[in-house]
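Notes follow once the structure below has been shown.
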Amino acid sequence: MYSNPSNRPPTAGEQPLSRAANVLGSQSLAPAADALNEGAMDYEPEVLGSSDGTRSFRVGDRVRVAKAGGEPELIGRSGIIERVSVTDSTKFSVRFDDERQLIRFPSADFQFDIEREVKAFFPELVGRHSGLAFLKSDQVSLDVLTGAQWAEMRIDVPPYYVKKEWAKSGGIPLRYTKDPAVKIMVIGCGNTPTPERRQELDFDGGHPAHGSDTYTVDPEIDLGPTLIGLFGNDPVHRAFLPGNFTAIQFEGYTPLPDRAALEEQPFFVEALDHLLADGGVARFSVGKNSDPRTIWAQKKNGRLTTIAPSYGEWADQELTPGWLLARLDELKQGN
């Protein structure tokens with residue numbers, strides 16, 4: 001889950017949003033992605049051709065056991081598909097990493113194994129944002145994730161999809177991100193939290209996990225977000241369909257506590273503009289965490305405009321980075 005961004009004041013002579021060039025604006029992560037899975041099969045984007053972006057398993061895919069019927073000890077184990085039955089394509093042979101073979105196992109009991117990709121890319125994300133201390137604990141959560149916990153993530157995309165979206169967005173998808181039927185996005189939460197995180201955050205009580213009708217973005221893998229990443233800091237919005245969302249909300253944190261936080265999130269306004277459908281609404285907080293102000297923004301005729309019940313006289317204004325910086329300065333002076 002997001003923690004509060006750094007409250008570091010801008011250095012002398014620093015221009016608004018000056019760190020944008022140091023983030024992913026013109027940077028490609030494809031070389032790192034290409035170095036992974038040398039012995040596994042990759043597929044071109046058109047192979048993900050069904051309506052939900054998924055596809056059947058194929059020889060060479062890395063998979064993980066998600067269900068095992070009467071053999072629960074198999075849950076979480078991973079390996080590579082070596083053979084598909086010529087008479088039944090839903091049954092195949094898998095060679096596990098410990099060399100044990102499992103023959104004619106139903107494909108419905110497997111999910112894609114993208115652990116290698118996630119563990120290769122996440123340290124790069126942490127290094128890119130070394131000033132965000134909370135990412136270090138997120139790295140620890142990833143490092144200690146067990147095979148059984150991975151199996152609970154409902155991974156439905158192959159390594160190629162992860163590499164492709166990482167290279168253009170700086171985010172790490174755990175599931176398909178381009179279903180036009182999904183119209184809601186929540187930043188700062190997840191869909192499939194681990195049992196331990198579910199209990200800690202009372203997901204079964206007052207804090208329900210989000211369902212399949214919602215895409216989620218968060219840097220903490222324990223929450224099981226649709227995409228692991230930093231909204232606003234990196235262009236993670238590029239992993240999702242443009243102009244498709246009717247509602248975007250931020251959960252559990254104030255994304256813009258001060259000017260420095262906005263400067264560290266150069267893609268914040270761009271992302272809202274990219275994602276919202278015409279008539280779609282985003283809600284987020286700015287200012288001190290102890291006394292935040294709420295801004296409602298709506299996409300109207302291709303432009304982002306603040307609407308009531310935004311704080312004070314802030315409604316009916318075009319939402320731009322410059323306007324937000326001015327409002328954050330007002331709040332600082334008022335305090």
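Bear in mind the structure is a predicted one, so any value in this text is a computation, not a measurement.
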Strictly distance-based, threshold 3.5 Å: is any side-chain N or O of [X] a donor or acceptor partner for the main-chain N or O of [Y]?
X    : Y    : answer
N191 : T214 : yes
T306 : Q317 : yes
Y215 : F245 : no
D61  : V63  : no
S141 : D222 : no
R175 : P173 : no
R64  : G76  : yes
T305 : D316 : no
Q265 : P255 : yes

Interatomic distance, [X] atom [atom1] to [Y] atom [atom2] [nearest 0.5 angstrom]:
X    : Y    : atom1 : atom2 : value
I228 : F122 : CD1   : CZ    : 7.0 Å
L142 : L135 : CG    : CG    : 11.5 Å
I155 : T192 : CD1   : OG1   : 7.0 Å
L223 : L174 : CG    : CG    : 11.0 Å
R95  : S78  : CZ    : OG    : 14.0 Å
H129 : E124 : NE2   : CD    : 11.5 Å

Salt bridge or not between [X] and [Y]? Use side-chain N to carboxylate O under 4.0 Å.
X    : Y    : result
D329 : R259 : yes
K299 : D273 : yes
E313 : R327 : no

**Check: S169/R238 side-chain N/O donor and acceptor closer than 3.5 Å** = no
**Message:** Looking only at side-chain N and O atoms, does Y161 offer a donor or acceptor that is under 3.5 Å from a partner on T177?
**Reply:** yes
**Fill in**
On a heavy-atom basis, the closest approach of N244 and V182 is ND2-O, 3.0 Å
**Message:** I'd like to know whether the aromatic ring centres of F268 and F250 sit less than 6.0 Å apart in this structure.
**Reply:** yes
**Request:** Could you tell me if the ring centre of F57 sits under 6.0 Å from that of F112?
**Result:** yes
**Prompt:** Does the salt bridge (charged side-chain N to carboxylate O under 4.0 Å, His left out) test come out yes or no for R303 and D278, once each step is laid out?
**Reply:** CA-CA 9 Å; R303 298 176 65 186; D278 205 58; over 6 Å; no
